[in-house]
Amino acid sequence: MSKVFNVTANCDPQRHYMVDITERLKKIREMVDRGEYFTINRARQYGKTTTLIALADYLKDDYQVVRIDFQRLQGTDYIDTEHFVRGFSRLILKAVQETDMSDDLKNQLKRFANNEILYANFDELFDIFSTWCGQSERPVLLMIDEVDQAFNYQAFLDLLAQLRASYIDRNVFPTFQSVILAGVYDIKNLKSRFVSNGEHSTNSPWNVAADFLVEMSFSTKEIAGMLQEYENDYATGMDIPMISELIYDYTSGYPYLVSRICKLLDEQICGTELFPDRPAAWTSAGIIEAVGRLVSEDNTLFESLEDKVNAYPDLREFLQCLLMNGKEISNVPGNIAIGIAKMFGFIRIENNKVVVANRIFEMRLYNMFLASAEMQRSRMYTLGDREKYQFINENGLDMELILEHFVTIFDDLYGDRSQKFLEDDGRRYFLLYLRPIINGTGNYYIESRTRNQERTDVIVDYLGRQYVIELKIWRGNSYNERGENQIMAYLDYYHLNKGYMISFNFNKKKKIRVKKITLGDKMLIEAVV
């Protein structure tokens, strides 16, 4: 049976092309060997379950591994602590069948699971675990996946409190060698978990947890290793270092996004008119096509992200400020919106600055915000939609013509507004104008290294081609020359010979125009607003 790229459930190395996570498993094992309790908290579809399954197999010769999944609990298990103990016992009982737990202890567990113990509580249940841990020839490791399922229930807090107590008393009473909880929320300290109705928990029943610093995203080297396995099977002739770097540039190594791009290339893009075979598909143009399809599709990951944006007003406002206003935002410990955005995987922290987690999320969020009813009522959006067909030709986009129309329309609509208005909204209005022109065929993202109040580089992907447009605030000729040099560097990076610039100039004597500037072997089209 030939392997495929997998984006549903856990990955199996016998059936799926996978990144080699051996180094990750070694680092997690070090934490287990030290006897640490910890959480693997990452955003949805980040490979948590696949990692736990692989870790269980990796440690099976040295540990008694008990791996359970809270998705298997029933709704009635959460009614109160007594019901939760029964449900928890049921999961444990099933997981210990192939371990060295004695038949007597298994029968005691069965009594809990079968509702034969009146007023069942965690104290009695953990006495069974302690006895087993003391008798077992190998240390016992407890893994609990999908702990988020139980987050809103007091019974789960009782379980965490019991785990904490057993950890504190581990030198007196035998207990688990290590406990690993996996989910989206960071439950090391529940007081940082905010819920959609504005309330928050102030309990800290598991503050013994160690920091989990193991990198879960894929590196370019790891992506290249997976692509090499595919190349060994199909001999596409792809440039593996270039393709793996490009995939990483778009995904920042987010596991689901990496696998989804590869799956789209292999199963949907290969065999199309533009990409008739695998060698044609596994190219930079093929990657851009795959990214376009990914950003436009509906999947469970995007649905989950958008649900979070709609459920948390503070999160929505924060992301709109980050994306639409071009503002550089510092990481502020304790900031609720930053904490929520980071927990759900929307952002990451680089050099103590907040950046969107990856280009795919950025494109999707731009589409979400710019396609909203409020945005579509904008005159700029309406005019972009009305004029869009004249900007499209057999070579892709006529970006020079787009800039010519934009500067005229912008000056007509907003030329008499204040400088503050233009600084805050100039970028947003260009994106509003551009969005309907490329809608359904192209996408754009902001180069995170240049996102600030004075300049922003927009990268447009359209039919396998890329366009670099620098949006900047005019600060005089010397500053403008530095901007020209910077965009030349980006053109070299993207292997382009033509770039574009929009300068928002607040000089009342300015001349609205679009001009061509030759810089070495490069051409720069500059629009002055």
Side-chain angles (χ1 to χ4, degrees), residues 10 21-41 47-70 72 85 88-110 112-113 122-147 150 156 158-183 187-188 205-214 216:
N10 61 289
I21 61 172
T22 302
E23 291 303 313
R24 184 184 309 169
L25 299 179
K26 289 179 180 178
K27 292 178 181 178
I28 299 176
R29 178 185 179 128
E30 292 175 1
M31 299 184 71
V32 173
D33 290 344
R34 291 195 296 265
E36 293 179 337
Y37 285 28
F38 56 95
T39 65
I40 301 178
N41 58 285
K48 298 183 293 294
T49 298
T50 294
T51 298
L52 288 186
I53 292 173
L55 183 65
D57 185 66
Y58 186 71
L59 298 177
K60 64 183 180 182
D61 293 335
D62 299 313
Y63 289 91
Q64 297 284 350
V65 181
V66 180
R67 187 179 65 85
I68 64 176
D69 187 338
F70 273 2
R72 296 183 179 276
V85 168
F88 185 72
S89 301
R90 187 174 66 249
L91 297 182
I92 295 289
L93 181 63
K94 185 176 181 179
V96 301
Q97 291 307 307
E98 303 302 321
T99 68
D100 66 357
M101 179 181 277
S102 68
D103 289 341
D104 178 59
L105 292 178
K106 288 178 183 177
N107 286 332
Q108 291 184 50
L109 268 179
K110 189 178 296 183
F112 278 89
F122 279 117
D123 284 339
E124 295 172 315
L125 183 60
F126 270 69
D127 285 343
I128 297 175
F129 297 154
S130 182
T131 300
W132 177 35
C133 291
Q135 295 174 349
S136 179
E137 295 182 358
R138 288 176 287 169
V140 181
L141 166 63
L142 175 64
M143 301 179 183
I144 306 178
D145 199 4
E146 298 292 348
V147 293
F156 178 60
D158 295 341
L159 171 62
L160 293 182
Q162 191 69 50
L163 288 170
R164 178 181 183 275
S166 66
Y167 178 85
I168 291 173
D169 294 337
R170 64 193 182 282
N171 293 327
V172 180
F173 303 104
T175 188
F176 302 111
Q177 163 72 14
S178 180
V179 175
I180 305 173
L181 308 185
I187 59 176
K188 184 172 70 171
W206 211 54
N207 54 13
V208 296
D211 293 329
F212 183 76
L213 304 177
V214 178
M216 296 283 284

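In this chain, numbering begins with 1 at the start of the sequence shown.
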Atom CG of Asn10 and atom CD1 of Ile53: how far apart are they, to the nearest 0.5 Å? 3.5 Å
Is there a side-chain contact between Ile180 and Asp145, using heavy atoms and a 4.5 Å cut-off? no
How far apart are the closest heavy atoms of Thr51 and Met216, and which atoms are they? OG1-CE, 3.6 Å
Measuring only between side-chain heavy atoms, which start at C-beta, is Gln177 closer than 4.5 Å to Leu141? no
Derivation of the side chain to side chain contact (heavy atoms under 4.5 Å, CB included) call for Asp127 and Phe173: CA-CA 9 Å; Asp127 285 343; Phe173 303 104; over 6 Å; no
Check whether the side chains of Asp100 and Ser136 place a donor and an acceptor atom closer than 3.5 Å, and report yes or no. yes
Please tell me whether Gln162 and Asp158 have a donor and an acceptor in their side chains that are separated by less than 3.5 angstrom. no
Determine, for Glu23 against Lys26, whether the closest basic-nitrogen to carboxylate-oxygen distance falls under 4.0 angstrom. yes
Could you tell me whether a side-chain N or O of Ser166 sits under 3.5 Å from a main-chain N or O of Leu163, the two making a donor and an acceptor? yes
Under the criterion side chain to side chain contact (heavy atoms under 4.5 Å, CB included), I'd like the reasoning laid out for Phe112 against Arg90: C-alpha separation, chi angles, the key distance, then a yes or no. CA-CA 8 Å; Phe112 278 89; Arg90 187 174 66 249; over 6 Å; no
Are Ile92 and Ile68 close enough, and set up right, to give a side chain to side chain contact (heavy atoms under 4.5 Å, CB included), and what steps lead you there? CA-CA 7 Å; Ile92 295 289; Ile68 64 176; 4.0 Å; yes
Would you call Trp206 and Val179 a side-chain contact if the rule is heavy atoms closer than 4.5 Å? yes
Going by the rule ring-ring contact (aromatic ring centres under 6.0 Å, His included), which residues pair with Tyr37 if we only count those two or more places apart in sequence or in a different chain? Tyr167
Parallel, tilted or perpendicular, as decided by the 30° and 60° cut-offs, for the rings of Phe88 and Phe122: perpendicular
Distance, nearest 0.5 Å, that separates CD of Glu36 from CE of Met31: 4.5 Å
Hey, are the side chains of Phe176 and Arg170 touching, using non-hydrogen atoms and a 4.5 Å cut-off? no
Just so I know, are the side chains of Ser178 and Leu142 near enough to count as touching, which here means a heavy-atom distance under 4.5 Å? no
Heavy-atom closest contact (Val214 atom, Arg24 atom, distance): CG1-CG, 3.5 Å
Flag for Thr39-Asn41: side-chain donor and acceptor within less than 3.5 Å: yes
Which pair of non-hydrogen atoms, one from Gln135 and one from Ser102, has the smallest distance, and what is that distance? OE1-OG, 4.2 Å
Flag yes if more than 12 heavy atoms outside Gln97 fall under 6.0 Å of its CD atom; otherwise flag no. yes
What pairs with Asp62 under side-chain hydrogen bond (donor to acceptor under 3.5 Å, both in side chains), at least two apart in sequence or on another chain? Arg29
Determine the minimum heavy-atom distance between Leu109 and Ser89, stating which atoms define it. O-CB, 4.2 Å
Approximate separation, where rounding is to 0.5 Å, of Ile21 CD1 and Ile28 CD1: 7.5 Å
I need the Thr99 OG1 to Lys106 NZ distance, nearest 0.5 Å. 5.0 Å
Measuring only between side-chain heavy atoms, which start at C-beta, is Asp69 closer than 4.5 Å to Thr49? no
Would you check if Arg67 and Ile144 make a side-chain contact, meaning some heavy-atom pair closer than 4.5 Å? no
Enclosure of Arg72 CZ (heavy-atom neighbours >12, cutoff 6.0 Å): no
Interatomic distance, Leu52 atom CG to Met143 atom CE [nearest 0.5 angstrom]: 5.5 Å
Check whether any side-chain heavy atom of Ser130 sits under 4.5 Å from a side-chain heavy atom of Thr175, and report yes or no. no
Could you walk me through whether Tyr63 and Asp33 satisfy the side chain to side chain contact (heavy atoms under 4.5 Å, CB included) test, starting with their C-alpha distance in whole Å, then the side-chain angles of each, then the deciding distance to 0.1 Å, before giving a yes or no? CA-CA 10 Å; Tyr63 289 91; Asp33 290 344; 2.5 Å; yes
Roughly how far, to the nearest 0.5 Å, is CG of Asp103 from NZ of Lys110? 9.0 Å
